[in-house]
Amino acid sequence: MTSLSPVGPAASAPYKAAIFMITAIFCFSMMNAAIKALEEEYSIVQIIFFARILSPLLAIWLALRAGGLEVLHTKRPMGHILRGLVALCSMATFIYALGHMTVSKAITINFAAPLFVAILAIIVLREKVGPRRWAAILIGFVGVIVIVRPDDGRIDLPSIVAIASAVFYGATVIMTRRLALTEHSATMLFYFGLMVSVLPGLALPWVWVTPTGDAIWLFALIALAGTVAWYLMAEAYRFGEATMIVPLDYTHLLWAVMFDWLIWATIPAWTTFAGGALIIGANLFILWREARLGRVKATLERP
């Protein structure tokens with residue numbers, strides 16, 4: 001998934017782009033591990049608030065680099081509001097899933113988001129999809145079924161919520177594509193940051209639990225790691241082509257497996273790897289087809 005540059009185009013530098021992307025994914029992985037550690041004792045609302053509290057500040061800094069605060073002006077406020085609400089749903093469901101399954105399983109199910117992007121693009125953007133991409137989408141969904149392993153036709157609630165997060169994530173991507181036609185990346189990040197920090201902030205008095213001990217550092221980590229990761233990812237797409245950078249997103253699974261093992265002493269089930277292979281393969285094929293058709297779109301959002 002590609003991004004509009006927040007500060008303008010740059011000369012191609014594939015190795016620099018790869019380093020930025022891999023580091024960004026590692027930061028996202030640290031943030032997810034910290035969120036899982038916090039989810040049992042702290043509300044999802046409080047976690048979301050801290051995870052995105054620095055986003056508006058980063059957006060202002062990027063706007064200043066891009067030419068001034070006038071970059072943040074928008075004529076599409078309702079588009080930003082709707083996108084922010086859907087992104088909130090994506091984040092809330094993803095955090096719930098993280099708290100009730102291994103990090104690697106939650107991440108792998110979330111890899112299905114591009115499949116939902118493809119479906120929503122057909123419905124919302126009226127994009128045409130040929131038989132080969134339909135086959136890839138179906139194979140990807142088979143991968144989801146392999147991961148969640150429905151018993152007696154039933155899927156457990158955390159898996160349902162994780163799939164819902166991927167759907168919301170896909171809807172956020174579609175909205176980002178439409179906004180990106182007229183809006184700067186810094187503008188989208190600014191209003192996104194406001195929505196996913198201010199709205200949870202209004203609810204904080206009813207759910208607030210004062211962090212103590214290690215939780216203080218974990219909340220600081222999710223705020224800093226998420227913000228740094230977004231910036232590094234934006235830089236990666238400024239220096240490299242999407243077809244080279246996007247596959248690096250799947251290193252997320254390697255970090256997730258490592259954190260599951262080091263922190264929670266768990267090893268993912270073989271179905272996570274098998275299903276993940278099907279989903280990743282399907283996503284890479286769809287990306288290849290999108291690149292050939294010149295329709296690789298812009299988004300940087302993470303749940």
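The figures that follow rest on heavy atoms only: side chains count, while hydrogens, waters and symmetry mates do not. For the single chain, residues carry numbers from 1 onward in sequence order. No experiment lies behind these values; they were computed from the predicted model shown.
Hydrophobic clustering, with ILVMFWY side chains joined whenever heavy atoms are under 4.5 angstrom apart, keeps I109 apart from L138. Under the 4.5 Å side-chain heavy-atom criterion for Ile, Leu, Val, Met, Phe, Trp and Tyr, V148 and I267 are members of the same hydrophobic cluster. With hydrophobic clusters built from ILVMFWY side chains whose heavy atoms lie under 4.5 angstrom apart, M21 shares a cluster with Y250. Using a 4.5 Å cut-off between side-chain heavy atoms of Ile, Leu, Val, Met, Phe, Trp and Tyr, with links allowed through other members, M31 and L262 fall into the same hydrophobic cluster. Both V144 and L253 belong to a single network of hydrophobic side chains, linked directly or stepwise wherever heavy atoms of I, L, V, M, F, W or Y lie under 4.5 Å apart.
Heavy atoms of other residues, nucleotides or ligands lying less than 6.0 angstrom from CD of E40 number 12 at most. Around the CH2 atom of W261, the shell of radius 6.0 Å holds no more than 12 heavy atoms that belong to other residues, nucleotides or ligands. Summarising the local packing, CG of D214 is surrounded by 12 or fewer heavy atoms from other residues, nucleotides or ligands at distances under 6.0 Å. Residue-environment remark: CZ (R76) exceeds the threshold of 12 foreign heavy atoms within 6.0 Å.
By the 4.5 Å heavy-atom criterion applied to side chains, I48 and F94 are not counted as neighbours. Between S55 and S197, every side-chain heavy-atom pair lies at or beyond the 4.5 Å cut-off. Looking at P158 and V161, their side chains never come closer than 4.5 Å, going by heavy atoms from C-beta outward. Looking at F190 and L194, their side chains come closer than 4.5 Å, going by heavy atoms from C-beta outward. Two residues are said to be in side-chain contact when any heavy atoms from C-beta on lie closer than 4.5 Å; V228 and L232 meet this criterion. Contact of the P200 side chain with the L88 side chain is registered, since non-hydrogen atoms from C-beta on lie closer than 4.5 Å. A heavy-atom distance below 4.5 Å is not found between the side chains of N110 and I107. A heavy-atom distance below 4.5 Å is not found between the side chains of L278 and F141.
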Exercise for the section: Could you give me the CA-CA distance, side-chain angles and deciding distance for F285 and R132, then say whether side chain to side chain contact (heavy atoms under 4.5 Å, CB included) is met? Expected result: CA-CA 9 Å; F285 178 81; R132 283 177 289 184; 3.7 Å; yes

Problem - Working for side chain to side chain contact (heavy atoms under 4.5 Å, CB included), residues L38 and I222 - result: CA-CA 10 Å; L38 290 167; I222 64 175; 4.2 Å; yes

Exercise for the section: Test L62 against W230 for side chain to side chain contact (heavy atoms under 4.5 Å, CB included), laying out the working first. Expected result: CA-CA 11 Å; L62 292 175; W230 194 97; 3.3 Å; yes

Exercise for the section: For M91 and R52, run side chain to side chain contact (heavy atoms under 4.5 Å, CB included): C-alpha distance rounded to whole Å, both residues' side-chain angles, the deciding distance at 0.1 Å, then the answer. Expected result: CA-CA 10 Å; M91 293 175 66; R52 296 302 183 190; 3.5 Å; yes

Exercise for the section: Could you walk me through whether N32 and S29 pass side-chain hydrogen bond (donor to acceptor under 3.5 Å, both in side chains), step by step? Expected result: CA-CA 5 Å; N32 289 335; S29 299; 5.5 Å; no

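Of the possible polar contacts, one joining the D260 side chain to the V103 backbone as a donor-acceptor pair under 3.5 Å is found. Between the side chain of Y191 and the backbone N or O of L72 there is at least one donor-acceptor pair closer than 3.5 Å. Formation of a donor-acceptor pair under 3.5 Å by the Q46 side chain with backbone atoms of V209 is found in this model. The closest donor-acceptor contact from the side chain of T272 to the backbone of P268 lies at 3.5 Å or more, if one exists at all.
Here the closest non-hydrogen pair linking S104 and V257 is CB-CG2, 4.0 Å. Nearest heavy-atom pair, I279 versus G140, reported as atom, atom and distance to 0.1 Å: CG1-O, 3.4 Å. The two residues E39 and Y96 make their nearest non-hydrogen contact at OE2-CA, 4.3 Å. Across all their heavy atoms, L98 and A106 have their closest contact at CD2-CB, 3.9 Å. Here the closest non-hydrogen pair linking I147 and G275 is CG1-CA, 3.7 Å. Between L54 and A223, the closest heavy-atom pair is CD1-O, 3.8 Å.
One finds the CD atom of E70 at 10.0 Å from the OG1 atom of T187 (value rounded to the nearest 0.5 Å). How far CE of M233 is from CG of D249: 5.5 Å, rounded to the nearest 0.5 Å. Atoms CD1 and CG, from I216 and L221 in turn, are 13.5 Å apart once rounded to the nearest 0.5 Å. Annotation: the span from M30 atom CE to L218 atom CG amounts to 11.5 Å, rounded to 0.5 Å. Atoms NE2 and CD1, from H100 and I95 in turn, are 12.5 Å apart once rounded to the nearest 0.5 Å. With rounding to the nearest 0.5 Å, the separation of CD1 in I145 from CD1 in I163 is 8.5 Å.
F219 and F50 have tilted rings, their planes meeting at an angle from 30° to 60° on a 0 to 90° scale. The aromatic rings of F111 and H252 sit perpendicular, their planes meeting at an angle over 60°, well past the 30° parallel limit.
Remark: aromatic rings of F168 and F116 are distant, center separation not under 6.0 Å. Centroid-to-centroid, the aromatic rings of Y231 and W61 come within less than 6.0 Å.
Checking T172 against R83 by side-chain atom types alone, no donor-acceptor pair falls below 3.5 Å. A donor-acceptor pair shorter than 3.5 Å can be found between the side chains of W208 and T210.
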